Q: 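To start, I am sharing the structure in question, which I have written as structure tokens.
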There are 2 protein chains.
Amino acid sequence: MITHRNTQQRRAILDYLRNTVSHPRAEDIYVSLKSNFPSLSFGTVYRNLRILSEIGEIQELRYGNSASRFDGNTTNHPHFTCELCGSVFDVEEEFIKLDKVIFSGVKNFVIKSYRLELFGSCLHCKNSHS
Amino acid sequence: MITHRNTQQRRAILDYLRNTVSHPRAEDIYVSLKSNFPSLSFGTVYRNLRILSEIGEIQELRYGNSASRFDGNTTNHPHFTCELCGSVFDVEEEFIKLDKVIFSGVKNFVIKSYRLELFGSCLHCKNSHS
DNA sequence: TTAGATGCAAAGGGTTTGCAACGTC
DNA sequence: GACGTTGCAAACCCTTTGCATCTAA
């Protein structure tokens, strides 16, 4: 069995993800932590993101062909992606009731989890573009 | 304005996607069509998949870090991915009612579209693994 | 002390792109 | 004939990996 070590880098990555709502990409994390860890490498960032995902401390979000985004909130909540500015927002609460609808609606498969992703424009972009 | 041409390769790719339920990857399409188009290249497959997606003739599906899958069915239907065998299935009908729930449930964003992805095990895998 | 983690750089997978030749309109 | 498209190969982006060194436990 593998024991994971509580390294400074791993702690910093997890802290960073738990203290932001911006769903950063690996590169964002790398750039942000580089000042505190001048020798930090992409390999370390990616390795830790992978490990943290595997042990359920964070979750990885993928959209289109672009880089993964990471979320320190591991509850199964939907995300809203603004197609104009690219920002990703959490959508909570309103959707708790969806769980029941989704889990009870399907007959031919055994559903273990689901992911709901919403697309459109955020209020800021909607107002400044219209 | 760009006028798209109805080339043999493009037609073959679209036909292929319209006549399968297997949600193939670019490589699957490439391999399948290679016998009819010996000089077919990946560039052509990818370029056409991109164009066909942009004009709404097909849709692209992405999961995890693996290659995109493509679907000739452009209705907004959920997909079920079996975590044991990797197959991707369409989930129709049962979910039509979800549209209303989702589009009426969110207040802070202008939703244009959504994607629902389900994960679990298909009946075949469930039976053979239990 | 010792396995797991780091930093670096090179390699990897999937996808895109530059360019000359080609095919469709 | 004009311009979108193809085939080829090289480039690209994001991510993973091999290896020697380091470090948490």
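Letters A, B, ... are given to chains in the order of the sequence lines, protein chains preceding strands, and every chain is numbered from 1. It should be emphasised that the depicted structure is a prediction, and the values quoted were computed from it without experimental measurement.
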Q: Got a donor-acceptor contact below 3.5 angstrom from the Arg115(B) side chain to the Glu117(A) backbone?
A: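 Answer holds: no.
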Q: What is the distance from CG of Leu61(A) to P of dT15(D), rounded to the nearest Å?
A: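 Computing the Leu61(A):CG to dT15(D):P distance gives 12 Å.
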Q: Taking side chain as C-beta onward, heavy atoms only, is Arg18(A) less than 4.5 Å from Asn73(A)?
A: no
Q: Verify whether one side chain among Thr74(B) and Gln59(B) offers a donor that lies under 3.5 Å from an acceptor in the other.
A: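 Absent: no donor and acceptor within the cut-off.
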Q: Do the non-hydrogen side-chain atoms of Phe109(B) and Leu123(A) ever get within less than 4.5 Å of each other?
A: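 Result no, sub-4.5 Å side-chain heavy-atom pair not found.
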Q: Would you please confirm or rule out a distance under 4.0 Å between OP1 or OP2 of dG7(C) and any side-chain N or O of Ser39(A)?
A: yes
Q: Return yes if a side-chain donor-acceptor contact under 3.5 Å exists between Thr44(A) and Gln9(A), otherwise no.
A: no
Q: Can you give one letter per nucleotide of nucleotides 18-25 of chain D, going 5' to 3': B for a protein heavy atom under 4.0 Å from the base, S for sugar-phosphate only, - for none?
A: B----BBS
Q: Look at the side chain of Ser68(B) and decide which nucleotide, out of dT15(C), dG7(D), dT15(D), has an atom nearest to it.
A: dT15(C)
Q: So what does Glu27(A) touch, heavy atoms closer than 4.0 Å: a base, only the sugar-phosphate, or nothing?
A: nothing
Q: Send over the distance from Arg69(A) CZ to dC13(D) P, rounded to a whole Å.
A: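 Rounding to the nearest Å, CZ of Arg69(A) and P of dC13(D) are 18 Å apart.
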Q: Ignoring backbone atoms, establish whether Ser41(B) has a side-chain N or O less than 4.0 Å from OP1 or OP2 of dT6(D).
A: no
Q: Closest-nucleotide mapping onto DNA chain D: is Tyr46(A) or Phe42(B) further toward the 5' terminus? I mean the 5' end.
A: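 Closest to the 5' end, via its nearest nucleotide, is Phe42(B).
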Q: Specify the separation, in whole Å, of atom CD1 of Ile51(B) and atom C1' of dT16(C).
A: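 Ile51(B) atom CD1 is separated from dT16(C) atom C1' by 12 Å.
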Q: Measure CD1/Ile29(B) against P/dT6(D) and give the value in whole Å, please.
A: 14 Å
Q: Can you check whether Arg11(B)'s main-chain N or O pairs, donor with acceptor, with Asn6(B)'s side chain at less than 3.5 Å?
A: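 Checking the backbone N and O of Arg11(B) against the side chain of Asn6(B), no donor-acceptor pair under 3.5 Å is found.
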Q: Measure from the side chain of Ala26(A), starting at C-beta and using heavy atoms only, and say which of dT6(C), dG14(C), dT15(D) lies closest.
A: dT15(D)
Q: Within less than 4.0 Å of OP1 or OP2 of dT16(C), is there a side-chain N or O belonging to Arg50(B)?
A: yes
